[in-house]
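Please read all numbers here as calculations on a predicted model, not as lab measurements. Order of the sequence lines fixes the chain letters, A, B, ..., with proteins taken first and strands second; residue numbering starts at 1 for each chain.
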2 protein chains.
Amino acid sequence: MSCSLAQPSDTSPKRSAILKAGAQLFMASGYANVSMDAVAKEAGVSKATLYAYFSGKEALFSAIVGERCTAIAAESEEMASHAESTGAALRELGRVWIRFLMSPQSLAIHRTVIAECARFPDLARGFYEAGPGRGRAWLGRRLAEAQQQGELRADADPLVAADHLVGLIRGDLYMQAMLGGPVPDDAAMDAVVDAAVAVFLRAYGVPSPR
Amino acid sequence: MSCSLAQPSDTSPKRSAILKAGAQLFMASGYANVSMDAVAKEAGVSKATLYAYFSGKEALFSAIVGERCTAIAAESEEMASHAESTGAALRELGRVWIRFLMSPQSLAIHRTVIAECARFPDLARGFYEAGPGRGRAWLGRRLAEAQQQGELRADADPLVAADHLVGLIRGDLYMQAMLGGPVPDDAAMDAVVDAAVAVFLRAYGVPSPR
DNA sequence: GTCTATATACAGATAGAC
DNA sequence: GTCTATCTGTATATAGAC
């Protein structure tokens with residue numbers, strides 16, 4: 001993966017403080033609107049110390065996004081524990097996933113990475129592969145298993161089905177949220193997931209025997 | 001709409017050149033990475049002239065995005081001419097729409113507006129309403145008509161159905177493209193649309209009489 | 001390693017001649 | 001209106017003392 005991972009070896013408290021402060025500021029205001037002075041002040045260190053840990057602003061940004069990559073990958077794996085793949089299980093999975101996607105943290109990292117896609121193309125690709133791409137592949141495998149167990153239409157491409165399920169749940173919410181629109185409350189998200197899973201099962205469920 | 005429209009009254013060639021140059025640079029490199037010097041140079045005017053037409057960088061950016069809003073709204077209306085709403089007509093509509101969404105221009109304006117969502121929240125909202133929101137509402141009305149004509153399940157919410165159709169077509173393509181991934185070729189886009197419409201009709205079409 | 005103070009560069013915006 | 005030349009602030013990055 002091009003998203004070179006942060007080594008867990010360095011656990012210096014100053015380094016952690018810098019990363020935390022940088023993440024907060026970059027996510028809130030964007031890469032260009034945050035000065036190294038601001039990061040140093042927020043982290044409670046001097047600028048010289050900051051430059052002792054990171055060779056420059058770009059390196060700091062890369063390290064921060066890299067850490068979020070690993071965190072998101074870990075969360076994706078965590079979601080994988082929500083196992084089964086039909087009916088109530090799909091709804092439960094969808095509820096967890098839509099809350100994750102609509103969380104302020106997720107929206108902020110998406111905005112930030114998309115914004116700097118031109119300046120840091122490798123970072124954007126690495127982010128996709130660590131986050132959305134990994135989740136997509138995992139869901140595709142889950143649906144393939146469900147298909148082999150006869151819970152899904154035999155003529156379906158599991159990866160296409162995964163895209164469809166995700167697309168149905170996401171609907172217009174992601175676009176609205178990314179463009180500063182309101183984030184729905186829990187009840188609204190649940191309703192969206194219920195409707196999406198119902199449609200998915202109508203299209204992909206095996207015809208009930210009559 | 002909060003996206004105050006650019007008056008077509010001012011057709012000064014220098015103004016047009018500035019807007020064109022600014023749009024090109026902002027879309028390619030992002031708001032913060034483009035200097036007013038660069039815009040002036042690209043437009044072939046001096047910086048003082050630039051400031052004679054626009055009070056500052058933010059005003060220039062707002063004017064550019066505002067123009068794209070009207071252009072996108074016009075294109076949405078144009079798409080509305082692709083009328084009917086089932087089967088082949090939905091596929092045709094989807095093909096036009098996915099090409100529009102995946103076009104370099106569309107991706108660039110989305111990236112730019114999302115990137116500056118924090119600094120220009122009104123602009124982002126206006127963009128949503130002029131672009132994605134308008135298209136969504138239009139599709140919802142079309143599907144409501146189709147429903148009244150018995151071409152769509154009677155128990156469906158047309159706006160939810162619109163979200164589902166759009167989500168099915170978009171799938172993972174938008175996320176991938178926004179994060180710097182490859183844009184699919186025409187054949188791949190057509191295949192995506194065909195699969196999406198097929199699923200949509202399985203879920204939302206009226207059960208065929210037997 | 002950590003700090004204060006500073007070098008260097010470039011951005012946005014303007015003054016004044018024509 | 002348009003240009004050249006310039007002002008002023010601020011950003012990244014570093015030098016040197018402790």
S.K.: Which residues pass the salt bridge (charged side-chain N to carboxylate O under 4.0 Å, His left out) test with A/R91, sequence neighbours left out?
M.R.: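 Checked A/R91 against salt bridge (charged side-chain N to carboxylate O under 4.0 Å, His left out); zero matches.
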S.K.: For B/R111, enumerate each residue passing the salt bridge (charged side-chain N to carboxylate O under 4.0 Å, His left out) test, keeping only those at least two apart in sequence or located in another chain.
M.R.: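 Salt bridge (charged side-chain N to carboxylate O under 4.0 Å, His left out) list for B/R111, sorted by chain: empty.
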S.K.: Using a 4.0 Å cut-off on heavy atoms, which residues in residues 44-51 of chain A reach DNA chain D? List them by number, or say none.
M.R.: A/K47, A/A48, A/Y51
S.K.: If I take atom NZ in residue A/K57 and atom P in nucleotide D/dT14, what distance separates them, rounded to the nearest angstrom?
M.R.: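 To the nearest whole Å, that distance equals 15 Å.
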S.K.: Sequence neighbours excluded, which residues qualify as side chain to side chain donor-acceptor pair (under 3.5 Å) partners of B/Q105?
M.R.: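 In terms of side chain to side chain donor-acceptor pair (under 3.5 Å), with neighbours along the sequence ignored, B/Q105 is linked to B/R68.
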S.K.: Anything under 4.0 Å to a heavy atom of chain A counts; send over the first and last such nucleotide of DNA chain C, read 5' to 3'.
M.R.: C/dT2 to C/dT4
S.K.: Taking only residues two or more places apart in sequence or in another chain, which ones pass salt bridge (charged side-chain N to carboxylate O under 4.0 Å, His left out) with B/R153?
M.R.: B/D155
S.K.: Does anything in residues 18-35 of chain A pair up under side-chain hydrogen bond (donor to acceptor under 3.5 Å, both in side chains), and if so which pairs, sequence neighbours excluded?
M.R.: A/N33-B/R119
S.K.: Any salt bridge (charged side-chain N to carboxylate O under 4.0 Å, His left out) involving residues 32-42 of chain B? Give me the pairs, sequence neighbours left out, ordered by first then second residue.
M.R.: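 Only B/D37-B/K47 qualify under salt bridge (charged side-chain N to carboxylate O under 4.0 Å, His left out).
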S.K.: Could you tell me which residues satisfy salt bridge (charged side-chain N to carboxylate O under 4.0 Å, His left out) with A/K57, sequence neighbours excluded, listed by chain and number?
M.R.: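 For A/K57 there are no salt bridge (charged side-chain N to carboxylate O under 4.0 Å, His left out) partners, ignoring immediate neighbours.
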S.K.: By the ring-ring contact (aromatic ring centres under 6.0 Å, His included) test, which pairs, at least two apart or in different chains, include something from residues 165-184 of chain A?
M.R.: A/H110-A/Y174
S.K.: Could you give all pairs that pass the ring-ring contact (aromatic ring centres under 6.0 Å, His included) test and reach residues 175-198 of chain B, with sequence neighbours left out?
M.R.: none
S.K.: Short of 4.0 Å, heavy atom to strand atom, which residues of residues 28-36 of chain B count as contacting DNA chain D?
M.R.: none
S.K.: For A/F100, is there any backbone N or O sitting under 3.5 Å from a side-chain donor or acceptor partner on A/S103?
M.R.: yes
S.K.: Rounded to whole Å, how long is the line connecting atom CG of B/D37 with atom P of D/dT6?
M.R.: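 These atoms are roughly 15 Å apart.
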